[in-house]
Amino acid sequence: MCLSTSSNIIKQVGYDFKNIEKKWQAYWAKNQTFKASNHSEKPKFYILDMFPYPSGAGLHVGHPLGYIASDIYARFKRHQGFNVLHPQGYDSFGLPAEQYAIQTGQHPAKTTQENIDRYRQQLDQMGFSFDWSREVRTSEPDFYKWTQWIFLLLFDHYYCKNTDKAQPISSLIALFEKHGNNKVNAVCDSSVEHFSAEQWRSMTSQQQQHLLLSYRLAYLSETEVNWCADLGTVLANDEIINGVSERGGYPVTKKKMKQWSMRIGAYAERLLQGLNQIDWPESLKEMQRNWIGKSIGAKVFFQIEGHNKKIEVFTTRPDTIFGVTFMTLAPELDLVQEITQPEQRKAVEAYIQETQKRTQRERMADVKNITGVFTGSYVLHPFTQERIPIWIGDYVLADYGTGAVMAVPCGDQRDYEFAKEFNIPIKNIFQGVSVEKEAFEDKGSTIIDHSDFLTGLAYKEAMQSVIQALEKKGCGEGTTNYRLRDAIFSRQRYWGEPIPMYYKDQLPQPLELKHLPLHLPEVEKYLPTPEGAPPLGNAPYWAWDTVNEKVVENSRIDNKSVFPLELNTMPGWAGSSWYFYRYMDASNSDTFAGKEAVKYWKEVDLYLGGSEHATGHLLYSRFWQKFLYDLELLPVEEYAKKLINQGMILGTSAFVYRKPGTQTFLSKDAIPEGVQMEPIRVDVNLVNSADELDIEAVKQWQPQFQNADFELKNGVYKVGREVEKMSKSKYNVVNPDAICEQYGADTLRMYEMFLGPIEQAKPWNTAGISGVHNFLKKYWRLFYDDQEWLVHEQQPSNKELKILHETIKKITFDIEHFSFNTCISGLMICVNELTTLKCHSKAILSPLTLLLSPFAPHLAEEIWERLGNKTDISRVEFPVFEEGYLVEDTKNYPVSFNGKMRFTLELSLQLDQKGIQEAVLNDTRTSEYLEGKTPKKWIIVPNKIINIVF
RNA sequence: GCGGGUGUGGUGAAAUUGGUAGACACGCUAGAUUUAGGAUCUAGUGCUUCACGGCGUGGGGGUUCGAGUCCCUUCACCCGCACCA
């Protein structure tokens, strides 16, 4: 340690957290104490936090919760002799910076940089042990170069179902040239039809390219998308909550657009199976399972009467096929146009228009209203050849299954209600069940009836039998369907990764690795162009010169050698889908992460972050991982062995109450019963812990309160409280800076952990913070009393050793189980007991300081230095628990014989240093249970039940 | 509707395989000491009763020598998905 002079700086003998924290933060930064090496004899451990989006509001007290927990664990693992990788970075592309840019004209890069600076400053003051030499930012060209490269790889691969992995497009082309697509078993668009090798060869290059797009894992297609007009962009399914946009809560409608998509559906089964191998929270895995939505059933083809086409449906109940009395198609389906009969056309057109006009939210809100129209056409039942009318109805979703259902009103409540609404017959095919009032949906408990060869069979046999029959007839087959839909990858935004593609003859052409990064161009305006093109349409230099292989001005576009570049950018989840590998080798300019580095770190051992990313980032990143694994670029199929969701810290909003139509505000406890008041949010920082409002400050805060009249009760104005998500707009954000200033980072760290279990959501409340702060002061007083250094070298007593080893055991166990709140309790008990005993023995206090180190690192380092140590505390091994110190005296113990509890008896226990124990029963009642026998085994757990086995 | 989770003092919460419920902390009460940078120390604090005692982990029932913990049932709240064929 080279700061021997600095202890002179700290003159004060009390716990001077300000100077201590400043000193050690400077020391860690200067010495790069937490820099991880890619070469080490030690075992590795990779602890990852979900990197933050650097928003303009700065860090609030909720952000650090996960970071503190992971930091405690990282420091603990270092003490245990691991080579720990604990990096941090920024997810720095995103919508808020762009919207701010639209409003102010400032370049998003500039505001992002400012926000990052502020985040960094706030993170530093909390004493995190991040290895900042590996920082990544998704908006930096040397990072997004590799995001673009992965996109190109996805574009250049398809999913082969035979090998069950991604394969190069070149191998697909080779197959097409030999056999057409007849022998190809690949995931592709449903619109792809069979073709022979001759047909393939006779296609124009453009036709071939077009066809290949139907197979590529990153592909361009005309798709129905979620369009958010207010944001001016397309949204993915996980970006829509309750039918409105996640950001801003704007309405979302369906719209057809040419979009880049990711064929994540190809990985549906592997994404599902992979969940069984990883230690993630069960609720989160369940969310992903639901999102993937696997269902087993059959597809059935129904021949359209007087038409060469068939309607394909997916059903989980093919056993009810004889109960079909109509078909329903989603109104958006193209097929609807083809089959609508002239006499029904008018009604059908009107209905389609009506559904398109409604937003997704309206459609969702309106599930009670049953609507639909008959198309005038019929299909023929595959077994009975009966004519079955084809309807359209918006209860059928275009993007699930095939967008068509075989309606079995007796077995499905929705079909039942539709049939009732439009007077379509309901055929009962269940024995001994009434369908007078509702459909019978329970598949396990009855026998099929009136169903030809299925009559008399139960669900399971009927399923098998009908699938066999369908396959034999060639009008259906058993199949598995997934709810997971391909992910739209285009965003009509400026502040995102440019997609490295240019357009030649309307077809996308990829750039090559050597051309990357394709830099985000400068634009004058961040809004869409007047023609409605994305913001990149404003860029004057946004054309690709294929001869000179560089970006040139748009005026040179000639469609011979200079072509327009893609105007869409990538979504927010692109960079976050692989950033954790970049940390392994963050400055590598030759590859996304060097082979050696990847081989050494391999995977994330512990990932910490919020559960709100369950169906977004945490699913997409698993998808990219599997893809890159298929390409043998990564060593494992799941990148995060263990994941912990930290609960959100909620805000406690404060409300004042205005009499409607007046400027009078009543104190919460002065509002008469039954009187309607208008609650208005006020800044929580203007309210003290007793819910009393600082009235003068409120008047200063916002003009609307300047002339307000506050009616007090008992001399104070009390506010109302409500727990909500912490957000700037709710004025309930509490900043960690003030706490650090007042109590110090060590107190803040410990208090956030002491608040409760890490996974639990909890409202922020500083009421108990003094308890933790007092603990640290108490701890300090074990070393200093006024002016005096109290620590001595004398042998500790057995009692003191027992206290220490109980604490070592508890802390070690609890850290491993992420039970940090009970860890802190354990430390508090230990310090209380040592204080009572007036223990100042170095042999006790030295290991205790190590135990404290993950939680209050600044204080621990300071004490460690004052104890005369020459090494950083972070390089010292954690103390080891020794059972033998837990010696017990004579005491009353609950005793059980052969596992059955009998009595509480007085025992004296003797334990040697290894913890081998012997007990003597000092009670006459024992003899009747002993019955003259000698016990074979005594199972003795200190402070617990004594088990005697004969 | 489906899936997941949670219910313990005035508050945040503890309680390894069923084994002394409420550790630890906040708050509160009383006292001591000193009194102004939010200080420190001691005692008390689940409810009820003057007390002996009785009752207590959302409610009801069960298994067990013994249940916060296991089983059944019911209620309340939170989160996710939601016309998924």
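These figures come from a predicted structure and were not determined experimentally. Below, chain A is the first sequence line, B the second, and so on; all start at residue 1.
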Taking salt bridge (Lys or Arg N to Asp or Glu O under 4.0 Å) as the cut-off, I'd like each qualifying pair that reaches into residues 774-784 of chain A, sequence neighbours left out, listed once. none
Taking only the P atom of each, what is the distance from B/U20 to B/A67 in whole angstrom? 12 Å
Pairing nucleotide - B/U63, Watson-Crick or G-U, each distance under 3.5 Å: none
Does a side-chain N-to-carboxylate-O contact under 4.0 Å join A/R289 and A/E286? yes
Audit row: A/Y351, A/T371, side-chain contact (heavy atoms from CB on, under 4.5 Å) steps and yes/no: CA-CA 9 Å; A/Y351 184 72; A/T371 61; 2.7 Å; yes
Can you tell me if A/K725 has over 12 outside heavy atoms packed within less than 6.0 Å of its NZ? no
Do the rings of A/H773 and A/Y743 sit parallel, tilted or perpendicular, given the 30° and 60° boundaries? perpendicular
Minimal heavy-atom distance between A/P382 and A/V300, with the atoms involved, is CG-CG1, 4.3 Å
Between C1' on B/G37 and CZ on A/F17, what's the gap in Å once rounded to a whole number? 11 Å
How many Å lie between CD on A/E759 and P on B/A13, as a whole number? 12 Å
In Watson-Crick or G-U wobble terms, both distances under 3.5 Å, what is the partner of B/A23? none
Nearest non-hydrogen partners of A/G826 and A/T807, listed with the distance: O-CG2, 4.1 Å
All N/O contacts under 3.5 Å from nucleotides 21-28 of chain B to the protein, with atom names and distances to one decimal?
unit_1: B/A23; atom_1: N1; unit_2: A/S825; atom_2: OG; d: 3.4
unit_1: B/A25; atom_1: OP1; unit_2: A/N832; atom_2: ND2; d: 2.9
unit_1: B/C26; atom_1: O2'; unit_2: A/A767; atom_2: O; d: 3.2

Please tell me whether A/S295 and A/Y400 have a donor and an acceptor in their side chains that are separated by less than 3.5 angstrom. yes
Flag for A/E724-A/S653: side-chain donor and acceptor within less than 3.5 Å: yes
Run the ring pair (Phe, Tyr, Trp, His ring centres under 6.0 Å) test against A/Y751 and tell me which residues pass, sequence neighbours left out. A/W764
Report each atom pair, protein N/O against N/O of nucleotides 6-8 of chain B, whose distance is under 3.5 angstrom.
none

Check whether more than 12 heavy atoms from other residues, nucleotides or ligands sit under 6.0 Å from atom NZ of A/K443, and answer yes or no. no
Please state the C1' separation for the pair B/C26 and B/U64 - nearest whole angstrom. 38 Å
In whole Å, what separates the C1' atom of B/A25 from that of B/A15? 16 Å
Which atom pair, heavy atoms only, marks the closest approach of A/G771 to A/M828? O-CE, 4.1 Å
CD1 of A/I811 versus P of B/U16: gap in Å, rounded? 16 Å
Whom does B/G1 pair with, Watson-Crick or G-U wobble, provided both distances fall under 3.5 Å? B/C81
How close or far is atom P of B/G3 from atom CZ of A/R289, stated in whole angstroms? 14 Å
Strictly under 3.5 Å: I want the nitrogen or oxygen pairs between protein and nucleotides 44-46 of chain B, one per line.
none

Between B/U16 (C1') and A/E806 (CD): distance, integer Å: 15 Å
If the C1' atom of B/G80 is compared with that of B/U40, how far apart are they to the nearest Å? 50 Å
When rounded to whole Å, the CG to C1' distance for the pair A/N765 and B/A13 reads 13 Å
Polar atom pairs (N or O), protein with nucleotides 80-85 of chain B, under 3.5 Å:
unit_1: B/C83; atom_1: O3'; unit_2: A/R414; atom_2: NH1; d: 2.3
unit_1: B/C83; atom_1: O2'; unit_2: A/Y395; atom_2: O; d: 2.7
unit_1: B/C83; atom_1: O2'; unit_2: A/R414; atom_2: NH1; d: 3.4
unit_1: B/C84; atom_1: OP1; unit_2: A/R414; atom_2: NE; d: 2.9
unit_1: B/C84; atom_1: OP1; unit_2: A/R414; atom_2: NH1; d: 2.0
unit_1: B/C84; atom_1: OP1; unit_2: A/R414; atom_2: NH2; d: 2.8
unit_1: B/C84; atom_1: O5'; unit_2: A/R414; atom_2: NH1; d: 3.0
unit_1: B/A85; atom_1: OP2; unit_2: A/Y400; atom_2: OH; d: 2.7
unit_1: B/A85; atom_1: O3'; unit_2: A/T315; atom_2: OG1; d: 2.9
unit_1: B/A85; atom_1: O3'; unit_2: A/T316; atom_2: N; d: 2.5
unit_1: B/A85; atom_1: O3'; unit_2: A/T316; atom_2: OG1; d: 3.4
unit_1: B/A85; atom_1: N6; unit_2: A/L397; atom_2: N; d: 3.4
unit_1: B/A85; atom_1: N6; unit_2: A/L397; atom_2: O; d: 2.9
unit_1: B/A85; atom_1: N6; unit_2: A/Y400; atom_2: O; d: 3.1
unit_1: B/A85; atom_1: N1; unit_2: A/L397; atom_2: N; d: 3.2

When rounded to the nearest Å, what value does the distance between P atoms of B/C41 and B/U8 take? 32 Å
If the C1' atom of B/G9 is compared with that of B/C55, how far apart are they to the nearest Å? 14 Å
Taking the nucleotide of RNA chain B with the closest heavy atom to each, which residue, A/S819 or A/R781, is nearer the 5' end? A/S819
Residue mapping more 5' on RNA chain B - nearest nucleotide basis, A/K809 or A/T836: A/K809
Complementary nucleotide of B/U6, counting Watson-Crick and G-U pairs under 3.5 Å: B/A76
What's the CD-P distance between A/E724 and B/C79, to the nearest Å? 12 Å
Rounded distance (Å) that lies between atom P of B/A13 and atom OH of A/Y751: 10 Å
Distance between the C1' atoms of B/G22 and B/U45, in whole angstroms? 12 Å
Identify whether any heavy atom of A/P757 sits under 4.0 Å from a base atom; if not, whether one sits that close to sugar-phosphate; answer base, sugar-phosphate or nothing. sugar-phosphate
If I pick the C1' atom on B/G58 and the same atom on B/C77, what distance separates them, to the nearest angstrom? 11 Å
Categorize A/F813 for me: base, sugar-phosphate, or nothing, with a 4.0 angstrom heavy-atom threshold over every strand shown. base
A/I467 and A/A298 have their tightest heavy-atom pair at CG1-CB, 4.1 Å
Where does B/G9 land, syn or anti, once you apply the within-90°-of-0 test for syn? syn
Polar side chain donor-acceptor pair, A/T822 to A/S819, under 3.5 angstrom: yes
Both distances below 3.5 Å, Watson-Crick or wobble geometry, any strand: find the nucleotide opposite B/C41. B/G31
Where A/D814 and A/C823 come nearest, the two heavy atoms and their spacing: CB-SG, 3.3 Å
Nearest heavy-atom contact between A/M406 and A/V313 is N-CG1, 3.8 Å
